[in-house]
Amino acid sequence: MSKKQKKPVKPKARLPKGLRDVYGAEVRAMQAMVEKVRRVYELYGFEPLITPALEYTDALGKFLPDVDRPNAGVFSLQDEDGQWMSLRYDLTAPLARYVAQNFDALPKPFRRYQSGQVWRNEKPGPGRYRQFEQFDADTVGAPPGAADAEMCMMMADCMEALGIARGDYLIRINNRKLLDAVLEKIGVDAAPDNPQRLIVLRAMDKLDRLGPDAVRALLGKGRKDESGDYTKGAELEAQAIETAMAFVSAGAASHDETLTRLQELVSGSPVGEAGIAELRRMSALFEAANYGSDRVVFDPSIVRGLDYYTGPVFEAELTFEARNEDGEITRFGSVGGGGRYDGLVARFKGQPVPATGISLGLSRLYAALLALGKLESASLAAPVIVLVMDKDEMAGYQAMAHELRAAGIRAEVYMGGSGMRAQMKYADRRGAPAVVIEGGDEREKGEVTIKDLVLGAQKSKEITDNEEWRSGQAAQVSVARKDLVAQIRKILEQNR
RNA sequence: GCCGCUGUAGCUCAGCUGGUUAGAGCGCCUGAUUGUGGAUCAGGAGGUCCCUGGUUCGACUCCAGGCAGUGGUACCA
């Protein structure tokens with residue numbers, strides 16, 4: 001045995017990290033969720049749009065200006081002509097591209113919905129993947145107010161359409177303009193790339209997760225977490241910290257009360273006043289439509305992504321707790337969000353195009369619904385398996401399967417090459433409710449034997465005697481060949 | 001990215017202060033049952049002990065570096 005000896009190079013069957021396969025019941029459950037959300041979006045009048053997974057990187061706005069390369073957070077590749085393309089990282093950037101490209105042909109406001117996979121080249125974590133599915137709805141060409149309120153109410157409707165009870169979710173709303181006003185008050189330059197601004201906003205966003213003391217630390221000197229890692233603070237003065245803290249903790253029981261408190265905090269700031277006015281308009285619409293604070297609340301600690309939001313921002317949060325497979329209590333947190341982005345289309349057009357939209361994270365919603373036990377409607381009965389006792393009689397077995405299908409019953413003929421024992425095992429693994437057996441004995445008498453696998457499994461628990469196992473005749477009946485469908489129906493009925 | 005923890009069979013893990021052929025449970029396959037899944041019994045397959053180097057007569061075990069995974073944190077359009 002020399003080291004030089006070449007082994008045949010077999011590829012290892014594996015998936016890149018942060019990616020996963022989805023199979024069977026989970027696929028059905030996802031499709032059912034998409035369908036429920038789709039119905040809500042359709043009811044609100046939105047039209048479907050499909051765009052490709054790949055876009056030119058500059059159209060997504062992810063080209064690094066100084067280097068001749070795309071942002072590392074997106075998956076990118078070069079076209080034949082050297083142009084960079086990237087996999088979309090959300091559905092909003094492609095929408096902006098689509099609207100700009102077809103601007104003159106589209107009705108304004110333009111209302112579209114879109115579901116699809118998106119990709120982010122980031123460190124994966126538990127429940128966080130590098131590919132995941134989102135379901136968006138956006139209105140392009142509508143000024144602040146009604147369009148934003150509609151998004152929030154529609155997001156609430158989606159939650160309930162998915163079977164999440166009122167009280168188990170909450171739509172939280174804030175306004176970027178208020179955050180800008182607070183930054184102004186505490187003397188932080190509101191330029192988008194000002195690092196201090198970013199630190200302040202991120203700190204405020206962490207209120208519900210880390211608590212007020214940690215936020216205070218992050219606004220000031222900085223904070224050391226339990227792993228020993230140190231996070232740099234914003235180095236604000238004590239006075240400024242208190243102003244910021246007063247702002248993020250201004251949430252109150254009623255919409256009016258919260259807005260009144262916030263108004264006091266930003267009074268004198270034109271941008272702040274504008275922000276309050278937008279939220280007041282939304283609040284009036286919520287009230288008129290009966291969306292109370294059990295569904296939508298104003299929460300000044302909501303920040304959302306830092307890049308492109310310009311007005312109201314919203315987040316759908318699941319408020320119930322569930323136990324994971326290790327028995328630990330987990331909170332699902334945010335399952336969707338959105339907001340107003342008045343500058344996105346303007347990147348292409350020059351002229352400002354106001355827009356607002358939401359995005360639901362379907363994978364996280366799936367995990368949540370699983371924990372809530374709201375997915376059984378998606379399950380589908382496994383097929384009846386017709387055993388192949390005699391390969392020469394294949395046509396006859398196919399005919400049985402056809403009859404069952406014609407009656408609306410999932411059925412398949414065993415397509416493998418193994419014997420009866422393996423076929424029974426196969427039927428068991430598939431979760432088949434019943435098996436159809438036609439061997440020589442049955443054929444002679446013009447009968448088929450039908451075994452009820454569910455009943456059989458039940459009986460097996462009661463049987464201790466080895467003889468009985470060997471007979472294997474429990475839970476099966478022979479009926480006339482013509483009664484096949486009726487007998488299967490009867491069994492399916494009993495096992496429902 | 002930073003800090004910590006962990007890498008032994010498909011999965012969950014055991015393996016004494018360094019000592020011969022590295023184990024268990026579950027799962028998988030085969031048989032008891034050539035026409036019967038799920039119980040039981042018997043048998044079987046399956047391992048570069050993460051990788052590389054070092055210490056040693058001898059390393060799964062100790063040391064160093066790397067890689068991978070995981071938890072926290074940071075980032076997340």
Side-chain angles (χ1 to χ4, degrees), chain A residues 3 7 13-14 17-18 60-62 70-74 86 88-94 96 118-126 128-130 132 134 192 198-199 201-203 205-206 209-210 214 218 222-232 303-309 326 328 334 337-339 341 343-344 347 359 361 385 387-390 414 418-443 449-476 478:
Chain A
K3 276 186 186 167
K7 293 178 201 155
R14 69 207 176 109
K17 65 175 174 183
L60 291 179
K62 285 295 150 185
N71 183 306
V74 298
S86 298
R88 64 187 177 206
Y89 55 85
D90 69 11
L91 298 175
T92 311
V118 302
W119 293 264
R120 293 184 190 182
N121 191 8
E122 292 164 357
K123 179 187 165 189
R128 298 187 42 154
Y129 299 94
R130 290 150 96 202
F132 52 96
Q134 292 192 327
L198 299 178
I199 293 171
L201 293 178
R202 282 172 197 148
D205 196 30
K206 283 173 188 141
R209 192 158 56 87
L210 300 178
L218 286 169
R223 168 177 179 268
K224 185 155 40 168
D225 64 56
E226 63 246 46
S227 75
D229 196 17
Y230 187 76
T231 309
K232 199 168 156 290
V303 175
R304 302 284 303 158
L306 302 169
D307 258 17
Y308 56 61
Y309 290 119
D326 297 331
E328 296 159 335
S334 172
Y341 50 96
L344 252 200
R347 282 200 318 116
S359 179
I385 309 291
L387 300 196
V388 177
M389 303 299 290
D390 185 345
Y414 177 74
S418 303
M420 182 180 187
R421 191 181 162 77
Q423 298 191 32
M424 288 301 299
K425 242 183 159 112
Y426 171 76
D428 186 44
R429 282 202 154 179
R430 289 294 307 275
V435 128
V436 179
I437 304 164
E438 189 214 50
D441 298 350
E442 285 88 353
R443 205 170 307 115
T449 297
I450 292 161
K451 178 156 188 175
D452 181 337
L453 295 190
V454 179
L455 183 62
Q458 250 168 44
K459 285 202 165 172
S460 78
K461 286 178 195 151
E462 298 151 19
I463 298 173
T464 46
D465 174 55
N466 208 15
E467 277 307 304
E468 271 187 84
W469 277 101
R470 294 173 67 158
S471 81
Q473 302 294 305
Q476 64 187 48
S478 291

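- The residue A:G73 sits close to a base: some heavy atom pair falls under 4.0 Å.
- A:V435 comes within contact range of no nucleotide atom at all, as no heavy-atom separation falls under 4.0 Å.
- Counting to the nearest Å, the P atom of B:G37 and the CZ atom of A:R430 are 19 Å from each other.
- Under the side chain to side chain donor-acceptor pair (under 3.5 Å) criterion, A:R120 pairs with no residue at all, not counting sequence neighbours.
- Using a 4.5 Å cut-off on side-chain heavy atoms (C-beta onward), A:L218 and A:I199 make no contact.
- At a threshold of 4.0 angstrom between heavy atoms, the contacts of A:E442 include nucleobase atoms, whether or not backbone atoms are also involved.
- When the nucleotides B:G37, B:G72, B:C76 are ranked by their closest atom to the side chain of A:K123, B:G72 comes out on top.
- Across all strands shown, A:K232 has no heavy atoms under 4.0 Å from either base or sugar-phosphate atoms.
- Per the geometry, CZ belonging to A:R429 stands 17 Å off C1' belonging to B:U36, to the nearest Å.
- In the set B:A77, B:G35, B:C75, B:C75 carries the atom at the smallest distance from any side-chain atom of A:R128.
- Distance CG (A:D90) to P (B:C76): 14 Å, rounded to an integer number of Å.
- Every residue two or more places apart in sequence or in another chain that forms a ring-ring contact (aromatic ring centres under 6.0 Å, His included) with A:Y414 is listed here: A:Y426.
- Contacts of A:R209 with the nucleic acid, taken as non-hydrogen atoms under 4.0 Å apart, involve only primed sugar atoms and P, OP1 or OP2.
- Both key distances under 3.5 Å define a Watson-Crick or G-U pair, and stretches of 3 or more such consecutive pairs in RNA chain B run B:1-7 with B:67-73, B:10-13 with B:23-26, B:28-32 with B:40-44, B:50-54 with B:62-66.
- Residue-level contact check: A:G440 touches the bases, meaning some heavy atom is under 4.0 Å from a base atom.
- Looking at which nucleotide of RNA chain B each of A:P124 and A:L218 is closest to, the 5′-most match is held by A:P124.
- Contact between the side-chain N/O atoms of A:R421 and the OP1/OP2 oxygens of B:G37 is found at a separation under 4.0 Å.
- Nucleic acid contact class of A:N71 (heavy atoms, under 4.0 Å, all strands): none.
- Put simply, A:Y89 rests on the base of B:A77: the two rings are less than 5.5 Å apart at their centres and nearly parallel, under 30°.
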